[in-house]
Asks: 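Before I ask anything, here is the structure I am working with.
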Amino acid sequence: MSAASLDGRRCWIFDMDGTLTVPIHDFEAIRAALGLPLGLPILESLLELPAAAAEEKRRRLSVIELELARAAEAAPGAEALLAALRRRGDRLGILTRNSRANAGLTLETCGLAGYFPEADRVTRDDGPPKPAPAGIHLLLGRWDGRPDQAVMLGDFRFDLEAGRAAGCATVHVEAGGRFRWPELADRCVRRLDELLPL
Ligand SMILES: [Mg+2]
């Protein structure tokens, strides 16, 4: 399959943590702290637990995520790309497995909140999390956009899988350049500003 082109795409949906921000989430350490199975996605593991246990771990997860949100820093090159896309009049959205409250704090802390109106932030409080494509469909519905006009960008497999499932172009963003899922990505970049000039 040949890579989908990014030309002419006007709807840009970003993963937040580790894509717009410098990666600091050690999910394996979070799983260990919460007593969840290692190597398995956190939100899905919580769904397997009895309600009371899940609730207690969700509270602790929020505390951990809040600490990380307070330390958020914009990834190098993120603001340059966002500013260029906004100048062009493109749509900019967030699709994150983080909570709405922590997404807001993260974006404020790293200085990127102004690029993403509240209505264009889709979080785990708004519907099924990635890799489900529901959040992409939700944003495109609000924007009156189509998947073939959209790009999903992220640093993890779930971001790319969600983009693929929705029929969008996908960009894998990973500062280390390891790019472990080439079959899921139309472009691989170490920094978001590698996508300039558009
Ligand atoms: Mg991420």
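Counting convention: from 1, in listed order, for ligands and their atoms alike.
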Asks: As an exercise, state the distance from CZ of Arg164 to CG of Asp186, rounded to the nearest 0.5 Å.
Replies: 4.5 Å
Asks: Counting no waters, how many protein N/O/S atoms sit under 2.8 Å from the Mg ion (ligand 1)?
Replies: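 Considering protein N, O and S only, the Mg ion (ligand 1) has 3 within range.
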Asks: Write out all pairs satisfying salt bridge (Lys or Arg N to Asp or Glu O under 4.0 Å) with one or both partners inside residues 7-18, taking only residues at least two apart or from two chains.
Replies: Arg10-Asp90, Asp15-Lys130
Asks: Please identify each residue that fulfils side-chain hydrogen bond (donor to acceptor under 3.5 Å, both in side chains) with Arg178, with sequence neighbours left out.
Replies: Glu174
Asks: Partners of Arg142 by side-chain hydrogen bond (donor to acceptor under 3.5 Å, both in side chains), sequence neighbours excluded?
Replies: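 So Arg142 forms no side-chain hydrogen bond (donor to acceptor under 3.5 Å, both in side chains) with any residue.
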Asks: Look up atom CZ in Phe156 and atom CZ in Arg97, then write down how far apart they are to the nearest 0.5 Å.
Replies: 7.5 Å
Asks: Supply the atom-to-atom distance Leu140 CG to Cys168 SG, rounded to the nearest 0.5 angstrom.
Replies: 5.5 Å
